[in-house]
Amino acid sequence: MNTGFACREWSRMLPAESIDDACSEPIDQLRALAYRLTSIDSGAAEAVHSVLGSLTAPLELVVAGRAGVGRSSLARILGRDDRFSRRVVGAPVVVTESRAFDVPGTSNPDLGRRCVVYVVVDAVRDVDGRAIARVSDRVVVAANKADLFGPRWDEALGRAAEISENVGVPTVPVETLTGRGVEELFAALGPVLEAQWWGRVEQIGPALRRSASRSAAGRDEIELYLSSDSAVLFGAAAAMMSPEIRALRQGEPPDPRTADDAGTCSRWWSELMNESEQCPQQRVSLIRRGYVRRWAQLGGDRSAPAVTDE
């Protein structure tokens with residue numbers, strides 16, 4: 001089942017109707033690289049297969065919160081609902097439940113690098129705020145037992161908005177007894193899960209460069225792949241999904257429809273990189289490079305000096 005998530009930053013580099021369609025060609029190119037390396041260097045081929053395996057490994061979604069907030073009920077709903085029998089480009093989503101937070105005499109659970117649904121009921125307590133802050137780039141808050149916020153659903157929505165403003169992450173009111181709000185929770189979780197998957201894509205380049213450094217026989221094939229449009233645009237799309245990049249995108253030019261549009265985008269990111277030493281230079285450089293490739297794909301003259309792929 002396709003996720004159909006609304007978070008589509010990747011489409012600026014890989015125009016497509018769905019994330020599955022966008023990623024099919026880059027993943028096919030990785031498979032082709034593994035095939036070519038098989039007869040050249042089995043170790044290098046295995047490294048590419050390992051990269052491919054990382055893209056389909058399960059994404060773990062953990063339901064967390066204090067005791068009594070409805071963690072178990074929500075985990076059961078997320079785990080059994082047909083709408084959540086979904087994958088992110090072949091990676092299945094597996095729902096688990098953490099131990100309770102704020103239990104006397106025990107340490108709070110470590111949520112690791114997993115995606116999180118953090119459940120609250122009456123209010124966000126200090127322990128909740130600290131836990132949410134530690135996973136703020138990969139969490140959605142579920143304000144459970146929403147009927148407690150008032151008899152009308154708009155009161156629950158208003159309270160969720162207050163919580164969201166307080167903790168700085170998306171917050172959705174839900175009622176696990178009736179299932180109300182669960183559809184909206186699924187929608188809010190989509191971008192979080194997608195971003196987690198794109199983080200795996202960001203590791204492809206470093207992994208293959210390490211492999212190339214160890215493989216004299218396979219180095220040319222790996223470097224040829226890494227310099228291809230497929231690899232550059234795949235990596236640039238992943239960089240676009242980074243939370244630190246999203247924070248920089250205010251005022252960004254619109255999606256490129258023409259070569260001139262893509263050139264404008266490339267220059268915008270280049271200027272951003274030059275203006276601030278605080279911006280993530282590697283990611284911004286890759287995004288700028290991706291727009292240069294989009295510029296060429298949209299008909300830009302590769303011999304023109306106005307846009308360079310360096």
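Values reported hereafter were calculated over all heavy atoms of this structure, with side chains retained and with hydrogens, waters and symmetry mates removed.
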Are side-chain heavy atoms of [X] and [Y] found at a separation under 4.5 Å?
X: Met241; Y: Arg246; value: yes
X: Trp269; Y: Ile245; value: yes
X: Val140; Y: Thr171; value: no
X: Arg209; Y: Ser213; value: no

Does [X] share a hydrophobic cluster with [Y], counting links as ILVMFWY side-chain heavy atoms below 4.5 Å and allowing steps through other members?
X: Leu14; Y: Leu298; value: no
X: Val124; Y: Leu185; value: no
X: Val69; Y: Val62; value: no
X: Phe149; Y: Val172; value: no
X: Val119; Y: Val93; value: yes

Which heavy atom in [X] sits nearest to a heavy atom in [Y], and how many Å separate them?
X: Val116; Y: Leu61; answer: N-CD1, 3.9 Å
X: Cys265; Y: Pro256; answer: SG-CD, 4.3 Å
X: Ile222; Y: Ser211; answer: CD1-OG, 3.7 Å
X: Glu175; Y: Thr178; answer: OE1-OG1, 3.0 Å
X: Arg99; Y: Ser107; answer: NH1-O, 3.1 Å
X: Leu248; Y: Val284; answer: CD1-CG2, 4.4 Å

For residues [X] and [Y], is any side-chain donor paired with an opposing acceptor at under 3.5 Å?
X: Glu25; Y: Ser230; value: yes
X: Gln203; Y: Ser54; value: no
X: Arg267; Y: Tyr291; value: no
X: Arg294; Y: Gln297; value: yes

How would you list, by chain and number, every residue that makes a side-chain hydrogen bond (donor to acceptor under 3.5 Å, both in side chains) with [X], sequence neighbours excluded?
X: Arg257; value: none
X: Arg114; value: Glu60
X: Ser270; value: none

About how many Å separate [atom2] of [Y] and [atom1] of [X], when rounded to the nearest 0.5 Å?
X: Arg249; Y: Met240; atom1: CZ; atom2: CE; value: 4.0 Å
X: Met273; Y: Ile287; atom1: CE; atom2: CD1; value: 10.5 Å
X: Arg214; Y: Arg219; atom1: CZ; atom2: CZ; value: 11.0 Å
X: Glu184; Y: Phe186; atom1: CD; atom2: CZ; value: 10.0 Å
X: Leu177; Y: Ser73; atom1: CG; atom2: OG; value: 7.0 Å

Within the side chain of [X], is there an N or O that forms a donor-acceptor pair under 3.5 Å with the backbone of [Y]?
X: Asp102; Y: Arg66; answer: no
X: Thr106; Y: Val103; answer: yes
X: Thr258; Y: Asp261; answer: yes
X: Ser215; Y: Ala44; answer: no
X: Glu165; Y: Glu162; answer: no

inquiry  = Between Leu30 and Leu208, is the side-chain contact (heavy atoms from CB on, under 4.5 Å) condition met? List the steps.
reply    = CA-CA 10 Å; Leu30 277 168; Leu208 293 186; 4.2 Å; yes
message = Listing request: all salt bridge (Lys or Arg N to Asp or Glu O under 4.0 Å) pairs with a residue in residues 129-141, at least two apart in sequence or in separate chains.
response = Arg113-Asp137
inquiry  = For Glu17, I'd like to know if atom CD has over 12 heavy atoms of other residues, nucleotides or ligands within 6.0 Å.
reply    =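 For Glu17, atom CD is not crowded (no more than 12 foreign heavy atoms under 6.0 Å).
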ask   = Do other residues, nucleotides or ligands put more than 12 heavy atoms under 6.0 Å from the CD atom of Glu244?
value = yes
request  = Could you name each residue pair satisfying ring-ring contact (aromatic ring centres under 6.0 Å, His included) that touches residues 204-242, not counting sequence neighbours?
outcome  = Trp198-Phe234
request  = Any ring-ring contact (aromatic ring centres under 6.0 Å, His included) involving residues 106-137? Give me the pairs, sequence neighbours left out, ordered by first then second residue.
outcome  = Phe101-Tyr118
ask   = After noting the C-alpha distance and the side-chain angles of Val48 and Leu37, does the key distance pass the side-chain contact (heavy atoms from CB on, under 4.5 Å) rule?
value = CA-CA 9 Å; Val48 180; Leu37 288 170; 3.7 Å; yes
task = Walk me through it: do Ser266 and Arg289 pass the test side-chain contact (heavy atoms from CB on, under 4.5 Å)?
result = CA-CA 7 Å; Ser266 175; Arg289 191 180 179 204; over 6 Å; no
Glu202 vs Ser242, side chain to side chain donor-acceptor pair (under 3.5 Å): CA-CA, chis, key distance, verdict = CA-CA 9 Å; Glu202 282 202 282; Ser242 165; 5.1 Å; no
inquiry  = For Arg125, is there an ion pair with Asp128 - N to carboxylate O distance below 4.0 angstrom?
reply    =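 Here Asp128 does not pair with Arg125 in a salt bridge, since their nearest N and O are not under 4.0 Å apart.
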key: Steps toward side-chain contact (heavy atoms from CB on, under 4.5 Å) verdict (Ile19, Glu194)   = CA-CA 9 Å; Ile19 187 174; Glu194 257 195 31; 3.6 Å; yes
